[in-house]
Amino acid sequence: MTDPELGYELAELVRTGKKSATTSALIEYDMYNEPIPTVDGKFDIVLNSKCEPVAILTNSKVYQTTFDKVTAERALKEGEGDLSLSY
């Protein structure tokens, strides 16, 4: 992440429990040669923009869908902006 302020904000949303889900464009996994996430029991450490640990996560659900099928509930779990689907 290249924006330290955004990194701090997102880490705080996770730390406080406001952000409990995230979304990525499928094409980005191909672009960066990254594997698509799975529910594998592994843990990830969330770092803030100062590289300080703020949370430990594990994937509990991974699914693929099209943008037009994203729900308001999913947008709320993203925890960003005004928490709406339109945001």
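Scope of the values below: all heavy atoms of this structure, side chains included, with no hydrogens, waters or symmetry mates.
Contact check for Asp44 versus Thr58: no side-chain heavy atoms found under the 4.5 Å cut-off. Considering only heavy atoms from C-beta on, Tyr29 comes within 4.5 Å of Ser24 through its side chain. For the pair Leu85/Thr71, no side-chain contact is recorded, criterion being any heavy-atom separation below 4.5 Å from C-beta on. Counting heavy atoms from C-beta on, the side chains of Leu26 and Ile36 come closer than 4.5 Å.
Minimum heavy-atom separation, Pro53 to Ile45: CB-CG2, 3.7 Å. The heavy-atom pair separating Ala11 from Leu47 by the smallest distance is CB-O, 4.0 Å.
Annotation: the span from Glu28 atom CD to Met31 atom CE amounts to 6.0 Å, rounded to 0.5 Å. The NZ atom of Lys18 lies 9.5 Å from the CG atom of Leu76; values are rounded to the nearest 0.5 Å. The CG atom of Leu57 sits 10.0 Å away from the OG atom of Ser20 when rounded to the nearest 0.5 Å.
Side chains of Ser49 and Glu5: no donor on one and acceptor on the other come within 3.5 Å. A donor-acceptor contact under 3.5 angstrom links the side chains of Arg74 and Thr23, judged on distance only.
Residues Leu13 and Leu6 are members of one and the same hydrophobic cluster, defined by side-chain heavy-atom contacts under 4.5 angstrom among Ile, Leu, Val, Met, Phe, Trp and Tyr. If you chain together hydrophobic residues whose side chains sit under 4.5 Å apart, Val54 and Val14 fall into the same group.
Remark: Glu80 pairs with Lys19 by the salt bridge (Lys or Arg N to Asp or Glu O under 4.0 Å) rule, at least two apart or across chains.
Both tests pass for Lys61 against the ring of Tyr63: distance under 6.0 Å to the centre and angle within 45° of the axis.
Atom CG of Asp68 is surrounded by more than 12 heavy atoms from other residues, nucleotides or ligands within 6.0 Å.
Of the possible donor and acceptor atoms, one in the side chain of Asn59 sits under 3.5 Å from a partner among the backbone N and O of Thr38.
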